[in-house]
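In this text, all values refer to a predicted model and were calculated from it rather than measured experimentally.
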Amino acid sequence: MYEQETITPYEAGGGKAQQVEAMFDNIAPSYDKLNHRLSWDIDRGWRKSAIRQLAPYQPQTLLDIATGTGDFAIMAAQMLRPRHVVGADISEGMMDVGRRKVAELGLQDVISFEKEDCLSLSYPDNSFDAVTAAFGIRNFADLDSGLREMWRVLRPGGRLSIVELTTPVSFPMKQLFKVYSHTVLPIYGRLVSKDKSAYTYLTRTIEAFPQGERMMGILQQAGFRETAFRRLTFGICTLYTASKS
């Protein structure tokens, strides 16, 4: 079991999946504003980098795991022009925000949202041309199971594209990020979201999550091939890509 799998948002109140669902339901109304402000809007560029990796393959069916409020699904629909994008998440509160955004953009015929247990997806094998995830897989209660499910529903020849927050490895960004993530992020997150634990939890998951070469090994164990990673913005975020042979 990886360290981040034992980290929960709250001290009590059910298993990790239930607590993560409750946490994201709680912070859903403020999530987009916090996400963009706390990253100085750089998160939009990280998503674009992940989507550009998929463009040469022209995927027509995409599954966006841990879709949250649908930012990645919306950007993928706008940039790739696929036939269908499914945003899957355990939090109805987050997806309700996403559904409103999709309706405002007139993308209801392209993007749908579905409540799913990402460790046991309801979709048949080989269902999607691409599977994506942005800033969500570190919340999995079982990373190996979640990645195996992502591999299972991806068709042979399909592509995986993941962006995840990571800890920088080089001076001085490593030290600066630690100060920022332990002070500004949890304090501002608490003030805006009114959730005392959420952004402390998120900081802890970033630090505990396997990254770089170690994450590539985990992807390979789940069945993926052609694994690669690229650090973005001095290592604050990492882009992982892979394929299913």
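- The 12-atom threshold is not exceeded at NZ of K178, counting heavy atoms of other residues, nucleotides or ligands nearer than 6.0 Å.
- For the pair D125 (side chain) and V153 (backbone), a donor-acceptor distance under 3.5 Å is absent.
- Residues R159 and D129 are not paired through a salt bridge, judged by the lack of any N-O separation under 4.0 Å between the basic side chain and the carboxylate.
- Looking at T8, its side chain does come within 3.5 Å of a backbone N or O of Y10 through a donor-acceptor pair.
- Using modelled atom types, one side-chain atom of T166 and one backbone atom of G235 make a donor-acceptor pair closer than 3.5 Å.
- At least one donor-acceptor pair closer than 3.5 Å links the side chain of E149 to the backbone N or O of L121.
- More than 12 heavy-atom neighbours from other residues, nucleotides or ligands sit within 6.0 angstrom of NZ on K101.
- With respect to the salt-bridge test (charged N to carboxylate O, under 4.0 angstrom), the residues R100 and D96 do not qualify.
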Check your understanding: Please walk me through it: do K244 and N126 pass side-chain hydrogen bond (donor to acceptor under 3.5 Å, both in side chains)?
Key -> CA-CA 10 Å; K244 179 177 179 178; N126 310 321; 2.8 Å; yes
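- Between the side chain of T6 and the main chain of Y2, no donor-acceptor pair closer than 3.5 Å is present.
- Remark: side-chain polar atoms of S91 are paired, donor with acceptor, to backbone N or O of M94 under 3.5 angstrom.
- Between F128 and Y123, the ring planes lie perpendicular to each other; the angle is over 60°, past the 30° to 60° tilted range.
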Practice item. Evaluate the side-chain hydrogen bond (donor to acceptor under 3.5 Å, both in side chains) criterion for residues H182 and T203: first the C-alpha distance (whole Å), next the side-chain angles of each, then the deciding distance (0.1 Å), finally the verdict. Key: CA-CA 7 Å; H182 281 267; T203 295; over 6 Å; no
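- Distance alone, capped at 3.5 Å, places no donor-acceptor pair between the Q60 side chain and the H84 backbone.
- In the hydrophobic clustering of ILVMFWY residues, with side-chain heavy atoms under 4.5 Å counting as a link, I206 and Y201 come out together.
- Enclosure of atom CD in Q58 is not indicated, since only 12 or fewer non-hydrogen atoms of other residues, nucleotides or ligands lie within 6.0 angstrom.
- For the pair M95/T69, no side-chain contact is recorded, criterion being any heavy-atom separation below 4.5 Å from C-beta on.
- Salt bridge annotation for K115-E21: present, with a cationic side-chain nitrogen under 4.0 angstrom from a carboxylate oxygen.
- Here the closest heavy-atom approach between residue I27 and residue A198 is recorded as CG2-CB, 3.9 Å.
- Around atom CD of Q108, more than 12 heavy atoms belonging to other residues, nucleotides or ligands sit under 6.0 Å away.
- Here the closest heavy-atom approach between residue Q53 and residue S161 is recorded as CB-OG, 4.4 Å.
- Side-chain contact between K48 and M75: present, with at least one pair of heavy atoms (C-beta onward) separated by less than 4.5 Å.
- Across A66 and D89, no two heavy atoms sit closer than the pair C-OD2, 3.2 Å.
- Proximity of a side-chain donor or acceptor of S127 to a complementary backbone N or O of P124 within less than 3.5 Å is detected.
- Remark: F234 CZ is loosely packed, at most 12 non-hydrogen atoms of other residues, nucleotides or ligands lying under 6.0 Å away.
- T227 and Q220 form a side-chain donor-acceptor contact under 3.5 Å, judged by distance and modelled atom types alone.
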Point to revise | Chi angles and distances behind the side-chain hydrogen bond (donor to acceptor under 3.5 Å, both in side chains) call for T238, R231 | key: CA-CA 4 Å; T238 302; R231 290 189 173 93; 4.7 Å; no
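- Cluster membership check: I137 does not share its hydrophobic cluster with I7, using side-chain heavy-atom separations under 4.5 Å among Ile, Leu, Val, Met, Phe, Trp and Tyr.
- Salt-bridge check for E207 with R138: failed, with every basic side-chain N at 4.0 Å or more from each acidic carboxylate O.
- By the rule that hydrophobic residues join a cluster once side-chain heavy atoms approach within less than 4.5 Å of another member, L239 and L143 end up as members of separate clusters.
- Note on L160 and L54: separate hydrophobic clusters, where clusters join Ile, Leu, Val, Met, Phe, Trp and Tyr whose side-chain heavy atoms are under 4.5 Å apart, directly or indirectly.
- Looking at S243 and E226, their side chains do bring a donor and an acceptor atom within 3.5 Å of each other.
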Review point. Could you go step by step and tell me if D71 and Y31 meet the side-chain hydrogen bond (donor to acceptor under 3.5 Å, both in side chains) rule?
Key: CA-CA 11 Å; D71 275 359; Y31 181 80; over 6 Å; no
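- E5 places no side-chain N or O within donor-acceptor distance of the main-chain N or O of F140, the cut-off being under 3.5 Å.
- Two different hydrophobic clusters hold V102 and V97 under the rule that ILVMFWY side chains link at heavy-atom gaps under 4.5 Å.
- In terms of modelled atom types and a separation under 3.5 Å, the side chain of E116 and the main chain of S122 share a donor-acceptor contact.
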